[in-house]
Amino acid sequence: MRVLTPSGLDHALALLAEFESSLTPLAGGTDLLVSWPHQNSDEVGFLDLSPLRAEHSAPRLEQDALVLSMLTTYWDVIASEEVRTEFPLLLAAALKVGAVQIQSAGTWAGNIANGSPAADGVPVLMAYGAEVVLRSTRGEVRVPLDRYYLGYKQSVRALDQLIVEIRVPRRKREIEWFHKVGARFAQAISKLGVAVTRDETGHRVVVNSVAPTVVRCRALEDHLDQGGKIESVEQVRALLSFDIAPIDDIRSTSRYRESVLSRLLYFYLRKANLRKANG
Amino acid sequence: MSHFDLTLELNGKKVTRKIPLRSRLLDALRYDFGLTGTKEGCGEGECGACTVLLSGRPVNSCLVLARQAEGCKVETVESTSTETLRRLNATGTSQCGACTPGIVMTARWLCDNPQTLDLMSLREFMSGNLCRCTGYDGVLSGIECLLDQEEGES
């Protein structure tokens, strides 16, 4: 194995540019180091980002956005009163990622980069309209998170690019909701998860564990944006079917996921609509 | 490079050892620094038996490369005060003992950060430490006892 240790961000980008195909950026290690003795081999190469922790961990609020840095952990969000007050879904999702040991080490950027369809941090960021800031020695680009993934574990990130920031716009939201279904209340990987927001740009309904990537349910969002009513579980299920493709796996079944997701959204959206109707 | 020099501030003392590059923090603590109190349970970040405090936060030491801890402050179960152990023992917190070092470290961190319980219940906070004896009630009463003590002192 090989571990390269950069002295700063510019050095990290230079190393990535030089050795891109053989280096995986290593942040909290909560995905990359699972069962490490069994996956350690001569071929593994890490770019260890831990020397950058001091400078690139703290989340900060700018005028128009919350900025999560490259190494901001779940616990950094949980521990920040101003962040958790203004972005309650980030808190809700962070509290559902493993337990304190994982929350202390795991990073939001790592959750995005790992690309798991079951990522708990990604639905809430996507529902908040987050942008991913990718930097390399070639320059910097911003990509909306809902256009970041190309397929299962595939993304627009080039091998020489690092996720250096996640920018979450500060918007006034009329509704916001996150719900995770796991085998138990805490310390479980998602059977499915869902985040819903509505702000001046419209509705966002984002789900995990029911498609090859975390996805927006565009057909349902369009229906809601056009003022469509929520009438039945069947109707929600039909609208979801344009965007999701759940499978049977070790944690759940396609049928369970589709059925539970439809019901969760039906009951939540009915309640949200009623609240709107009542002023 | 198959080995490197790792320097830690380990339980308050600055220490350096040459260790294999592939080592996890857990391996370095047990095999290179000789602190075998920290246990390996699952090796995949589920059970919390290997919990140590890294730079003041509880982490699973099986999910940290030793290399990532370079220059950091690390606290292990060996640094636990006898008073803390006495209180935990009084309530039957430990049964077979395999999960205990991790539980003690998570509990110690909580005692230093009790405001955490404004955001979640004690049971939920401790959910990253699994006990195969399923002695959770004894664990929770032990920690409540520790928290009461802290409250009494402040």
Side-chain angles (χ1 to χ4, degrees), chain A residues 1-5 26-42 44-54 57 71 73-81 84-85 88 91-92 94-106 110 182 184-189, chain B residues 1-4 6 20-27 40-72 102-103 105-107 109-110 113 115-130:
Chain A
M1 78 177 288
R2 167 192 229 173
V3 180
L4 297 183
T5 305
L26 173 66
T30 53
D31 287 308
L32 293 177
L33 298 175
V34 171
S35 300
W36 171 243
H38 301 291
Q39 25 153 349
N40 170 22
S41 75
D42 289 349
V44 176
F46 287 130
L47 178 69
D48 173 16
L49 298 175
S50 39
L52 313 186
R53 268 188 303 228
S57 285
L71 295 171
T73 63
Y74 300 106
W75 197 270
D76 290 327
V77 164
I78 294 170
S80 164
E81 188 170 358
R84 63 176 193 247
T85 307
L91 173 67
L95 288 173
K96 291 286 166 203
V97 181
V100 65
Q101 292 88 343
I102 300 292
Q103 292 155 1
S104 293
R184 62 183 199 137
F185 189 59
Q187 181 87 337
I189 298 176
Chain B
M1 180 188 58
S2 60
H3 285 69
F4 73 105
L6 175 68
L21 183 59
R22 63 168 189 279
S23 295
R24 301 164 294 178
L25 179 57
L26 169 67
D27 305 318
E40 174 157 19
C42 66
E44 51 186 43
E46 294 276 346
C47 78
C50 66
T51 301
V52 300
L53 305 187
L54 174 63
S55 303
R57 293 234 180 118
V59 299
N60 292 314
S61 59
C62 74
L63 294 186
V64 178
L65 286 183
R67 179 70 178 236
Q68 293 177 285
E70 171 60 30
C72 292
I103 285 182
M105 294 315 289
T106 311
W109 185 86
L110 182 65
N113 299 273
Q115 75 285 359
T116 304
L117 295 182
D118 297 343
L119 295 170
M120 65 193 88
S121 69
L122 178 57
R123 200 173 275 273
E124 202 179 337
F125 175 76
M126 291 302 299
S127 65
N129 290 90
L130 305 186

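All values reported here derive from a predicted model rather than from experimental measurement. Just so we're on the same page: letters track the sequence lines, and every chain starts at 1. Keep in mind that the numbers below use all heavy atoms, side chains included, and drop hydrogens, waters and symmetry copies.
Side chain of B/Gln68 to main chain of A/Ala27: a donor-acceptor pair is present (N/O by atom type, distance under 3.5 Å, no hydrogens or angles).
Contacts with chain A were tallied for B/Glu44, B/Arg22, B/Arg57; B/Arg57 has the most, counting heavy-atom pairs under 4.5 Å. Ranked by heavy-atom pairs under 4.5 Å with chain B, the list A/Leu26, A/Leu95, A/Leu91, A/Ile78 is led by A/Leu26. Between chain B and the residues A/Gly28, A/Gly106, A/Pro37, the most heavy-atom pairs under 4.5 angstrom are made by A/Pro37. For the options A/Asp76, A/Leu32, A/Asp31, A/Thr73, heavy-atom pairs under 4.5 Å to chain B are most numerous at A/Asp76.
Within the 4.5 Å cutoff, no side-chain heavy atoms of A/Asp48 are placed close to those of B/Leu65. In this structure the side chain of B/Asn129 reaches within 4.5 angstrom of the side chain of A/Gln101, judged on heavy atoms. Contact check for A/Thr5 versus B/Glu70: no side-chain heavy atoms found under the 4.5 Å cut-off.
When the side-chain contact (heavy atoms from CB on, under 4.5 Å) test is applied to A/Val77, the partners found at least two apart in sequence or on another chain are A/Leu68, A/Thr72, A/Val83, A/Leu90, A/Trp108. For A/Ser41, the side-chain contact (heavy atoms from CB on, under 4.5 Å) criterion is met by A/Glu43, A/Val44, not counting sequence neighbours. With sequence neighbours excluded, the residues satisfying salt bridge (Lys or Arg N to Asp or Glu O under 4.0 Å) with B/Asp27 are B/Arg24.
From B/Ser2, atom OG reaches atom CG of A/Asp42 across 10.5 Å, with rounding to the nearest 0.5 Å. In this structure, OG in A/Ser104 is found 9.0 Å from CG in B/Leu53, a value given to the nearest 0.5 Å.
The two residues A/Ile102 and B/Gly45 make their nearest non-hydrogen contact at CD1-O, 3.7 Å.
Near-neighbour residues of residues 115-123 of chain B relative to chain A, defined by a heavy atom under 4.5 Å from a heavy atom of that chain, comprise B/Thr116, B/Leu119, B/Met120.
At a 4.5 Å heavy-atom cutoff, the contact between B/Leu130 and chain A is made by side-chain atoms alone. The parts of B/Val59 that come within reach of chain A are both its backbone and its side chain, each placing non-hydrogen atoms under 4.5 angstrom from that chain. In this structure, no portion of B/Cys42 lies under 4.5 Å from any heavy atom of chain A.
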